[in-house]
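Following this message is one structure expressed as structure tokens.
To find a chain, count down the sequence lines: A is the first, B the second, and so on, and within it residues start at 1.
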Amino acid sequence: MEYNFSEFEKKWQKYWLDNKVFASEADTSKPKFYCLDMFPYPSGAGLHVGHPEGYTATDIVCRYKRAKGFNVLHPMGWDAFGLPAEQYAIQTGTHPAITTQKNCDTFRRQIQSLGLSYDWDREINTTDPAYFKWTQWIFIRLYNTWFDAELQKGRPISELPIPANIKQQGSEAVTRYIESKRLAYYDNAQVWWCNHCKTVCANEEVLNDGSHEKCGTKEVERRFLKQWMLRIPLYAERLLQGLDGLDWPAGVKDMQRNWIGKSTGAEVDFEIDGLNKKLKVYTTRPDTLFGATYMVIAPEHELVNVITTEAQKVDVENYIKAAALKSDLDRTELSKEKTGVFTGRYAINPLTGKQIPIWIADYVLTGYGTGAIMAVPAHDTRDFEFAKTFNLPVVCILDPKEADDTLREKVLAGDACWTEDGAYINSANPVLGLNINGMSKQDGISTVIGWLGDRGIGKATVNFKIRDWLFSRQRYWGEPFPIIHWEDGEISVVEDENLPVELPKTDKYQPGDSGESPLANATEWLQVVDKIGRKGRRETNTMPQWAGSCWYYLRYIDPKNDKEPFSKVKENYWMPVDLYVGGAEHAVLHLLYSRFWHKVLFDLGIVSTDEPYQKLYNQGMILAFAYETAAGSKVTSDLVEEKDGKYFHTQTGEELKQIVAKMSKSLKNVVNPDDVVSSYGADSLRLYEMFMGPLDATKPWTETGVKGVYNFLKRVYYFFADTNNIVDGEEDKETLKALHQTIKKVGDDVEDMKFNTAISQMMIFTNHCYKMKKVTRETAETFAKVIAPFAPHLAEELWAIYGNEPSVSLLPWPSVNEKFLVEDVFAYPVSFNGKTRFNLELPVDMPVAEVEKAALAHESSARWMEGKQVVKVVIVPKKIVNIVLK
RNA sequence: GCCCGGGUGGCGGAAUUGGUAGACGCGCUGGACUCAAAAUCCAGUUUCAGCAAUGAAGUGCGGGUUCGAUUCCCGCCCCGGGUACCA
């Protein structure tokens with residue numbers, strides 16, 4: 001009676017697949033549960049043990065939810081556009097579609113070997129023209145939508161009101177106006193360019209150490225190129241508000257809020273001395289305007305040339321040239337030293353009437369606010385540093401009452417910067433009738449804004465950090481844009497009925513250095529002529545990898561529909577996604593982009609929910625042990641041997657330190673799921689990944705840990721598959737209690753995604769059964785149902801051994817009978833001054849007064865109370881007895 | 001710097017409306033079975049002292065609240081992640 005997992009696991013996987021056991025259809029008579037995994041990029045390396053972690057968790061939830069009567073949608077697919085397949089094509093000439101197909105096949109085989117209950121009829125692939133046809137279709141919807149700020153809603157471009165003054169200027173101006181409102185637009189943009197990948201990348205893909213997220217090299221630089229951009233900032237407020245109603249990890253919500261970066265403040269116009277121009281700044285602290293002693297504009301500010309005086313021209317030009325050569329990275333990383341140059345001109349502080357110098361400095365960013373600031377050096381660290389560097393005046397207007405005397409004096413004298421709250425000083429101008437001295441910060445801000453507003457030189461404003469989303473790449477292996485550029489300059493979208501625009505056949509995948517996509521070489525595909533003979537050129541950029549993953553959860557709902565992206569009726573039934581599980585690395589980008597698209601589709605009436613993902617859960621990373629020498633150099637795992645809990649180098653004998661690190665080829669500590677499945681079985685792999693610790697924790701992989709759960713599964717099999725242990729008749733009372741505790745604990749824990757403790761409860765139950773030596777058939781069958789979501793192959797096998805028809809996976813979850821859980825006695829821990837001394841078993845319904853009597857009268861109490869006085873006795877029924885002595 | 005997490009035995013980790021710290025598993029120790037080994041089963045296993053009964057200490061560090069703190073409050077230290085001149 002061997003635990004012959006390899007035999008029966010294959011058998012049941014085949015059974016599930018052949019009988020489409022987990023296929024689901026929209027069925028309004030049942031409650032639905034849409035459970036989604038972040039679909040993988042099918043890399044050539046195959047599945048990693050990190051993948052099955054999230055997949056197993058969702059699989060357990062899905063199997064449990066089915067047993068609880070839900071109609072479960074649980075699909076899987078491939079996010080298969082992307083660079084590696086294309087790099088491989090450049091090196092070998094193999095078409096990316098072929099590589100992709102092969103990788104998908106590997107991934108599918110590996111995933112199926114884990115017994116995951118996906119509905120494989122819904123498998124999708126972002127590179128399939130039948131799929132990306134609809135990605136293009138959605139892009140066209142974005143292109144044809146504008147955002148009505150008043151209604152806070154996207155609307156069809158045909159409904160865009162054209163202002164009279166624009167109309168007067170003629171059709172070209174109208175077109176330009178419309179272009180300026182579309183959610184997708186084509187424009188010259190200063191973009192990050194990766195010399196290694198030969199493509200642009202989004203701001204978000206450039207990490208703050210200056211490396212490109214995709215390839216890891218630091219070969220990124222700034223370039224101006226014609227690019228497709230999406231106006232995601234228009235949805236900033238909606239994206240922010242929407243977070244409130246979502247059941248997401250607080251950290252992810254914080255990161256998104258941070259990324260959106262809402263700030264409230266005011267715009268203020270400053271008169272420029274000697275020019276009939278105003279300089280507009282954005283500030284979050286208009287109440288500190290009295291302390292503004294100079295101004296700074298970004299080197300790219302549009303008024304730089306106008307403002308700069310003849311005398312300063314050379315200096316300014318040199319500075320701007322130098323600033324342009326610096327990447328954003330240099331600008332920020334070398335932030336210790338502030339740089340800048342005087343323009344030679346002054347602005348007028350509207351509250352003090354004083355002339356304040358206008359400087360140019362690259363610590364002011366062109367893309368945020370108005371690209372110009374009023375500097376309040378006394379109360380802003382950056383302004384203070386700059387003022388000290390260039391000897392500019394510092395006027396304190398907030399008396400730091402909380403600071404210690406030395407610091408306070410320095411702040412008041414302008415020798416230190418104070419960024420906390422304080423009491424206004426020097427903040428009145430009787431001539432103007434403005435005085436905020438003595439006011440609270442809140443009143444100060446609103447008073448100044450009110451004053452500025454009355455005079456038409458300022459108003460309250462909201463600003464966001466989030467920028468337009470760079471949405472094109474100069475690569476081959478991505479969705480082509482359904483766009484044609486005509487020779488007369490017009491841009492038009494491909495008609496819906498002509499979608500998809502497929503990728504041209506080519507054998508040149510190498511992108512050009514100039515920012516030309518490989519598609520530009522596909523002459524035949526490239527050239528188009530319309531009905532009236534006008535010549536056009538197809539868009540040669542392709543979409544970024546985010547595109548396909550922005551809406552895949554919608555396609556799963558109706559994956560074979562060739563008339564529309566999905567049926568509205570089905571969408572209405574299945575959406576939103578009830579549980580979405582994936583890695584935290586997608587906390588901002590994928591999840592924000594996807595929410596943005598979804599909101600546009602919602603505004604257009606294409607989807608029925610405002611948000612796509614109701615509950616989000618991030619599984620933690622699975623790491624591995626690695627070894628390093630005292631000097632800190634890494635040693636590959638094959639050169640390490642263990643002796644008495646210590647680790648040594650097999651060749652040098654040097655003692656090594658065990659550390660936890662990411663699995664990597666270079667450390668030779670990568671675990672391949674295929675190996676685990678063949679040595680211990682899929683159920684062991686599933687169970688171990690769930691037993692390692694909380695799902696959201698990062699935790700190291702250990703082989704002995706796998707053996708531990710493998711051992712448990714063997715124990716389950718040996719006991720429950722041995723019909724000698726399975727008897728008829730009445731079940732033992734303790735066993736019934738243990739069983740029902742287990743049903744309850746496992747059910748509750750699955751609902752809470754606490755799989756590790758659910759497994760531990762099943763181990764406790766199994767240990768109990770070993771002690772009892774036998775259980776009834778009913779108990780055994782019930783336990784098979786309980787373990788089924790975790791170890792489905794084993795559960796099916798046991799179910800069959802008991803002579804039942806498959807499948808145990810389709811049976812209802814056993815109900816908890818509370819009557820078996822009732823305790824009639826409780827072992828009170830009796831403590832003296834908080835230290836537990838002994839246990840006292842008493843009936844649970846014993847009145848408090850009698851519990852006290854019993855505790856004090858107990859023989860063991862005497863030695864603790866000897867020579868002391870009982871001050872009081874604390875009794876919490878069914879919890880504790882604490883006797884306080886003096 | 002700022003924003004999130006997190007620090008519990010030799011190891012992974014349990015336990016928080018404040019109520020027996022260390023569930024469960026690994027490892028280790030001992031025993032049973034065996035000619036022997038593997039496999040399996042049984043028992044023990046926070047540390048220190050003790051033959052033992054038992055006692056003392058103990059959840060990153062220092063204070064505090066409480067009959068009682070891993071859990072709450074104040075002040076620190078360390079680790080992981082995110083973010084960074086956003087005015």
Side-chain angles (χ1 to χ4, degrees), chain A residues 2 207-208 249-255 257-259 261-263 265 281-285 288 296 328 331-336 338 361-365 367-376 379-383 385-386 463-467 584-585 587-588 618 620-621 623 625 642 644-646 658 660 687-688 691-694 696-709 711-712 714-715 718 754 756-764 766-767 770-771 827-839 871-876 878-885:
Chain A
E2 274 299 291
L207 305 179
N208 56 8
V252 176
K253 286 192 188 185
D254 280 346
M255 280 164 70
R257 287 194 187 104
N258 216 308
W259 195 267
K262 181 179 180 173
S263 85
V281 303
Y282 172 73
T283 175
T284 53
R285 294 297 302 271
T288 61
V296 185
D328 270 15
R331 285 198 190 181
T332 52
E333 222 173 25
L334 303 172
S335 63
K336 292 165 238 159
K338 290 257 184 303
D362 62 9
Y363 82 90
V364 171
L365 307 174
Y368 184 78
T370 62
I373 62 154
M374 62 178 212
V376 185
H379 307 292
D380 181 289
T381 343
R382 298 154 299 177
D383 296 346
E385 283 169 18
F386 191 81
N463 247 307
F464 294 95
K465 277 203 270 189
I466 189 169
R467 311 291 167 83
E585 65 274 19
V588 178
N618 295 126
M621 232 188 310
L623 305 177
F625 287 117
E642 199 219 309
D644 301 328
K646 288 179 179 172
Q658 191 183 52
V660 170
L687 222 63
Y688 174 60
F691 189 62
M692 290 172 85
D696 57 359
T698 33
K699 48 223 166 221
W701 180 276
T702 61
E703 176 91 9
T704 52
V706 188
K707 281 184 189 154
V709 289
N711 196 41
F712 163 65
K714 270 200 296 195
R715 275 167 70 81
Y718 287 159
K754 287 158 66 178
N756 53 335
T757 49
I759 293 166
S760 127
Q761 180 61 39
M762 291 188 279
M763 289 172 168
I764 291 170
T766 305
N767 291 344
Y770 266 83
K771 286 205 176 73
Y828 278 94
V830 179
S831 49
F832 295 85
N833 287 339
K835 286 193 196 285
T836 306
R837 297 304 178 181
F838 61 91
N839 279 349
V871 177
K872 81 177 179 185
V873 180
V874 181
I875 292 163
V876 183
K878 285 171 76 179
K879 291 265 188 202
I880 200 171
V881 174
N882 188 19
I883 298 166
V884 186
L885 304 167

| Same-atom distance (P) from G27(B) to U34(B), integer angstrom | 25 Å

| First of Tyr770(A) and Glu2(A) reached from the 5' end of RNA chain B, by closest nucleotide |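 Its nucleotide being nearer the 5' end, the pick is Glu2(A).
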
| task | Round to a whole Å and report the spacing from CD of Gln761(A) to C1' of G25(B). | result |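 Interatomic distance, CD of Gln761(A) to C1' of G25(B): 14 Å.
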
| request: May I ask you to test the Asn258(A)-Lys465(A) pair for a side-chain heavy-atom distance under 4.5 Å? | output: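 When only atoms from C-beta onward are counted, Lys465(A) and Asn258(A) do touch, with a gap below 4.5 Å.
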
| task | Nearest whole angstrom, please: distance from the C1' of G1(B) to the CG of Asp380(A). | result |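 Whole-Å distance recorded here is 14 Å.
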
| query | With sugar-phosphate meaning primed atoms plus P, OP1 and OP2, does Arg837(A) contact a base, only sugar-phosphate, or nothing at under 4.0 Å between heavy atoms? | reply |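 Sugar-phosphate: the residue Arg837(A), judged by heavy atoms under 4.0 Å, touches backbone atoms but no base.
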
| field | Distance-only donor-acceptor check, side chains Tyr368(A) and Ser263(A), under 3.5 Å | value |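 Yes, because at least one side-chain N or O of Tyr368(A) sits under 3.5 Å from a partner of the opposite role on Ser263(A).
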
| said: If you compare every side-chain N and O of Asn833(A) against the phosphate oxygens of G68(B) (OP1, OP2), does one of them come in below 4.0 Å? | reply: no

| For RNA chain B, which ranges pair as stems of 3 or more consecutive Watson-Crick or G-U pairs, with both donor-acceptor distances under 3.5 Å? | B:1-7 with B:77-83, B:10-12 with B:24-26, B:27-32 with B:40-45, B:46-49 with B:54-57, B:60-64 with B:72-76

| query | Among pairs that include at least one residue of residues 828-839 of chain A, which meet side chain to side chain donor-acceptor pair (under 3.5 Å), considering only residues two or more places apart or in two chains? | reply | Ser831(A)-Asn882(A)

| said: My understanding is that only residues two or more places apart in sequence, or in another chain, count here; which of them pass salt bridge (charged side-chain N to carboxylate O under 4.0 Å, His left out) with Lys699(A)? | reply: Glu53(A)

| Gap between atoms NZ and C1', on Lys835(A) and A57(B) respectively (whole Å) | 8 Å

| Using atom C1' of each nucleotide, how far apart are G30(B) and G55(B) to the nearest Å? |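 Each nucleotide's C1' atom is 26 Å from the other's.
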
| query | Would you say Tyr368(A) reaches A87(B)'s phosphate, i.e. side-chain N/O to OP1/OP2 under 4.0 Å? | reply | yes

| query | Which whole number of Å gives the distance between the C1' atom of G9(B) and that of U59(B)? | reply | 10 Å

| query | Please give, in whole Å, the distance from U40(B) P to Phe712(A) CZ? | reply | 15 Å

| task | Please state the P separation for the pair A53(B) and G63(B) - nearest whole angstrom. | result | 33 Å

| query | Of Gly705(A) and Asp254(A), whose closest RNA chain B nucleotide lies nearer the 5' terminus? | reply | Asp254(A)

| Can you name the nearest heavy-atom pair linking Ile373(A) to Val281(A), along with the distance? | C-CG1, 3.6 Å

| request: Please identify each residue that fulfils salt bridge (charged side-chain N to carboxylate O under 4.0 Å, His left out) with Arg715(A), with sequence neighbours left out. | output: none

| query | Can you check whether Arg715(A) has a side-chain N or O nearer than 4.0 Å to OP1 or OP2 of C24(B)? | reply |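 Answer no for this pair, as no side-chain N or O of Arg715(A) is under 4.0 Å from OP1 or OP2.
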
| message | Can you list everything that forms a ring pair (Phe, Tyr, Trp, His ring centres under 6.0 Å) with Phe691(A)? Sequence neighbours excluded, please. | response |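 Checked Phe691(A) against ring pair (Phe, Tyr, Trp, His ring centres under 6.0 Å); zero matches.
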
| query | Are any non-hydrogen side-chain atoms of Val709(A) and Met763(A) less than 4.5 angstrom apart? | reply | yes

| task | Any chance you could lay out the side-chain contact (heavy atoms from CB on, under 4.5 Å) test for Val881(A) and Ile875(A), step after step, and finish with the verdict? | result | CA-CA 5 Å; Val881(A) 174; Ile875(A) 292 163; 4.2 Å; yes

| query | When rounded to the nearest Å, what value does the distance between C1' atoms of A43(B) and C79(B) take? | reply | 38 Å

| note | With sugar-phosphate taken as primed atoms, P, OP1 and OP2 and all else as base, the protein-contact string of nucleotides 7-22 of chain B at under 4.0 Å (heavy atoms; B, S, -) is -----BSSS---BB--

| message | Suppose you measure atom P in A84(B) against the same atom in A14(B); what distance do you get, rounded to whole Å? | response | 32 Å

| request: Using whole Å, report how far CG of Asn767(A) lies from P of C24(B). | output: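 Taking CG of Asn767(A) and P of C24(B), I get 7 Å after rounding.
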
| field | Syn or anti conformation of G9(B), syn meaning chi within 90° of 0 | value |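 You should classify G9(B) as syn.
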
| 4.5 Å side-chain heavy-atom contact, Trp701(A) and Phe625(A) | no

| task | Please determine if a side-chain N or O atom of Arg257(A) lies less than 4.0 Å away from the OP1 or OP2 oxygen of C4(B). | result | no

| task | Return the value, rounded to whole Å, for the distance between atom CE of Met255(A) and atom C1' of C2(B). | result |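 Rounding to the nearest Å, CE of Met255(A) and C1' of C2(B) are 14 Å apart.
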
| said: Can you tell me how the ring of Phe832(A) sits relative to the ring of Phe838(A), calling it parallel under 30°, perpendicular over 60° and tilted otherwise? | reply: tilted

| Val884(A) has a side chain; which of C85(B), C67(B), A43(B) sits nearest to it? | C67(B)

| task | In whole angstrom, give me the gap between the C1' atoms of U70(B) and G7(B). | result | 11 Å

| request: State whether the distance check finds a donor on one side and an acceptor on the other, under 3.5 Å, for side chain Lys707(A) versus base C26(B). | output: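 Checked by distance alone, the answer is no.
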
| In terms of ring plane angle, is the pair Tyr363(A) and Phe386(A) parallel, tilted or perpendicular, where the classes change at 30° and 60°? |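 Judged by the thresholds at 30° and 60°, the geometry between Tyr363(A) and Phe386(A) is tilted.
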
| query | How many Å lie between CE on Met763(A) and C1' on A23(B), as a whole number? | reply | 12 Å

| task | With P as the reference atom in both, quote the distance from C4(B) to C61(B) in angstrom, rounded to an integer. | result |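 It comes out at 24 Å once rounded to the nearest Å.
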
| Asn711(A) has an atom CG; how far is it from atom C1' of A38(B), in whole Å? |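 It is 14 Å, rounded to the nearest whole Å.
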
| message | Any side-chain N or O of Lys465(A) below 4.0 angstrom from OP1/OP2 of U83(B)? | response | no

| note | Of A23(B), C85(B), U40(B), the nucleotide closest to the side chain of Tyr363(A) is C85(B)

